[in-house]
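First the structure, in the form of structure tokens, and then the observations on it.
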There are 2 protein chains.
Amino acid sequence: MNITIKDIAAIAGVSYSTVSKALNNSSLVKEDTKRRIIELSKDMGYEPNFAAQRLVSKNTKVIGLIWPTIERTVLATLVTKISNEMAKTLYSMILSVDSIQKSMETFKKFQVDGIILFEENIYTEINPNTIPMISYGVSGERNSHYPIIDANHSQAMDDAIHYLYELGHREIIYIGNISPIDPLQMEKFEGFKNAMKKYGITYNNDNIINTGGLDWYHGYQAVDEVLNRKALPTAIIGGSYEISGGIIRCLKQNNVHIPGEISVISYDNIPQMAHLEIPLTCIGVSVEDLAVEIVYSAIKLIETSNVNTEIKKLTPTLVERKSCAPVKK
Amino acid sequence: MNITIKDIAAIAGVSYSTVSKALNNSSLVKEDTKRRIIELSKDMGYEPNFAAQRLVSKNTKVIGLIWPTIERTVLATLVTKISNEMAKTLYSMILSVDSIQKSMETFKKFQVDGIILFEENIYTEINPNTIPMISYGVSGERNSHYPIIDANHSQAMDDAIHYLYELGHREIIYIGNISPIDPLQMEKFEGFKNAMKKYGITYNNDNIINTGGLDWYHGYQAVDEVLNRKALPTAIIGGSYEISGGIIRCLKQNNVHIPGEISVISYDNIPQMAHLEIPLTCIGVSVEDLAVEIVYSAIKLIETSNVNTEIKKLTPTLVERKSCAPVKK
DNA sequence: TCGAATTGTAACAACGTTGTTAACTATATA
DNA sequence: TATATAGTTAACAACGTTGTTACAATTCGA
């Protein structure tokens, strides 16, 4: 059995309510006794009973993260970053990889103070009603019952193409997974087309390659196909970390120099980009930024408990590395 | 405020202890009233207060999984499978991606019934003392305070080489990450050498390629090097899912037919192997088997609460797909 | 018809906290 | 000397359950 404040009280020769106050640093108990009790409780290895504390209703300082489908390097990295960021605060994080429904039940039971929901690839219709909740995912056109943190995908594509444009590129292709059921991928795709239009770069179906998947070999195969064409592009935008990995692997394999012959820029802004065969210039909201925003938005929501359903689109940043260069004349 | 059994009691015109018994289907209350109360509580949307239930000390039916460093496809798959398997039981699972230390604190607070610890690549010296705990990781030579579930890695390598041997292969190379600080990788490596000896296949440094990493391009680069040799192997063993992905990508790229010219077999037994460019024959304890074993071992440990520190090495299975063939004369 | 089982329900004490109120000290004030 | 006034600490009621015990109403055997 664990020791309780009553045990401490008995030994300290004091009532248990005094112990409680002492441990909570209440001004209602003399400094001396306070110190004595705190000391004693440490010696006895006292650990407050969480369930009892919560019964008298107090916040748990725990935030639950729902990650329905555990996959992809980027999300895994984001989870890690969020956990790290959370560690700097008074909160800690637990994770559920169940369905949203079941995860919410679990978290409600545990009385977490708030919930972070990952819904990058899904649209859900959920009303958290009781627990403060924010979501990281695609905001799209929907009106939700909770705030959403999203990346400004069209802005990202715009930045990427602007950057390439300034370097003189006019033959740009996008290699990504164009899946109509995946709103995130669609936003990137639409972003690409809009930006191309905006900068007056003509394009057709040849400028867009649908990989049909998000794995690295999907990127590889796409490039393999491109290299058989008579006219090569001067720049490639990879739709995701894994895809871009495949892209540069295939280019290198075929002795196409990066960035001498073809420049490559990748979607997804994660540190791992620097550790690929060729350090990749990338675009996207950095996972660090995302993590910070998610954590502090969640905490703010919890601590002010004002019902807001604001959608926040974070600004992407372009990280320059070694994979892009000006077009040669 | 949530509604409580007292609210129900008031409306039902019965004492709250009767409500409690009714909801717990006690034989001490008449069937009629029982039904009536249960009905009513449903109507009122009653949800028992978890904290209160736990205060009177009862098990939580929740198992915590500690996953210190979230990475690698195989572990992610395993987590998913464990979660699915758990869903078939009365238990549910929460996850912590913190340090072992902090995760254990969190889980202790929440009074989880048991803990599953992932420690594939680390040795820890932990004494769970109060909470039942099992670990999935490398058993090695250590004596731990809790049971460990491990895969029989040397057996796996033995099976792989036996299989290739029977197909006539004598020129076999191992491509893996040989990192002295990673006990898992070392076990595979040692297993390879031992099995080669056992089947009387001569080998030297050329049969072993240290990729220096676990990513797919590490595998790619390794094969790239091999293909420059005058004598090619007839079979390759890939050390992990990702590495093997790179291996077949590179072979295909260089028009080396799999399995016509070179057979490939991969470590890690996960379903994704079937969805690579070439469905890969693989060896290892299947994640399904692992998940089942982990979940039911944990539950058994919890429910019998006998202190055992048994180490269980699961038997690997070889899954035949399209990547291996007999050696041509 | 009476005491003894049997059954159904109520009362109440836990569980380990926190917060409120009451009670007891000294000490300062009139 | 009686009396407010702080300053401390004790007592006790919550919080929402469960389990034990006590009580009342019914049924049963003799």
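As the structure is a prediction and not an experimental result, all values here were calculated from the model. In what follows, every chain begins at residue 1, and chains take the letters A, B, ... in the order their sequences are listed.
Not a single donor-acceptor pair under 3.5 Å links the side chain of B:Lys313 to the backbone N or O of B:His153. In terms of modelled atom types and a separation under 3.5 Å, the side chain of B:Ser297 and the main chain of B:Ile294 share no donor-acceptor contact. Here the side chain of B:Asn24 pairs a donor or acceptor atom with the backbone of B:Ser20 at under 3.5 angstrom. Formation of a donor-acceptor pair under 3.5 Å by the A:Lys21 side chain with backbone atoms of A:Lys34 is not found in this model.
The interatomic distance linking B:Phe50 (CZ) with C:dC15 (C1') rounds to 15 Å, in whole Å. Atoms CZ (B:Arg54) and P (D:dG19) sit 15 Å apart, rounded to a whole Å. Taking atom NZ on B:Lys30 and atom P on C:dG8, their separation rounds to 7 Å, with Å as the unit. Residue A:Asp32 contributes atom CG, which lies 19 Å from atom P of C:dT25 at whole-angstrom precision. Rounding to whole angstrom units, NZ of residue A:Lys34 and P of D:dT9 are separated by 11 Å. Rounded to whole Å, the distance from CD1 on B:Ile5 to C1' on D:dG19 is 12 Å. Rounded to a whole Å, the NZ atom of B:Lys58 is 18 Å from the P atom of D:dG16. Rounded to a whole Å, the CG atom of B:Asn59 is 18 Å from the P atom of C:dC15.
Listed by first and then second residue, the salt bridge (Lys or Arg N to Asp or Glu O under 4.0 Å) pairs that reach into residues 52-64 of chain B are B:Lys61-B:Glu303, sequence neighbours excluded.
In this structure, B:Gln53 reaches the D:dT18 phosphate: one of its side-chain N or O atoms is under 4.0 Å from OP1 or OP2. Between B:Thr18 and C:dG8, a side-chain N or O to OP1/OP2 separation shorter than 4.0 Å is absent. Considering only side-chain N and O atoms, B:Asn24 lies under 4.0 angstrom from the phosphate OP1 or OP2 of D:dT18. Considering only side-chain N and O atoms, A:Thr4 lies nowhere under 4.0 angstrom from the phosphate OP1 or OP2 of C:dG16. Within the structure, a side-chain polar atom (N or O) of B:Ser20 is placed less than 4.0 Å from OP1 or OP2 of D:dT18.
Within the nucleic acid shown, B:Tyr46 comes within 4.0 Å of sugar-phosphate atoms alone, with no base atom in reach, counting heavy atoms only.
For A:Lys21 against D:dT8, a side-chain-to-base donor-acceptor contact under 3.5 Å is absent. Residue side chain A:Ser17 reaches the base of D:dA11 through a donor-acceptor N/O pair under 3.5 Å, judged by distance alone.
The side chain of A:Thr33 lies closest to D:dT9 when the candidates are C:dT18, D:dT9, D:dT17. Here C:dT17 is the nucleotide among C:dA10, D:dT17, C:dT17 with the atom lying nearest to any side-chain atom of A:Asn49. Residue B:Leu55 places its side chain closer to C:dG16 than to any other of C:dC12, D:dG19, C:dG16.
Taking for each of A:Ser27 and A:Tyr16 the nucleotide of DNA chain D with the nearest heavy atom, the 5'-most of the two is the partner of A:Ser27. Remark on DNA chain C: of its neighbouring residues B:Gly13 and B:Val56, the 5'-side contact belongs to B:Gly13, judged by nearest-heavy-atom nucleotide.
Partners of A:Lys312 under the salt bridge (Lys or Arg N to Asp or Glu O under 4.0 Å) rule, at least two apart in sequence or in another chain, are A:Glu293.
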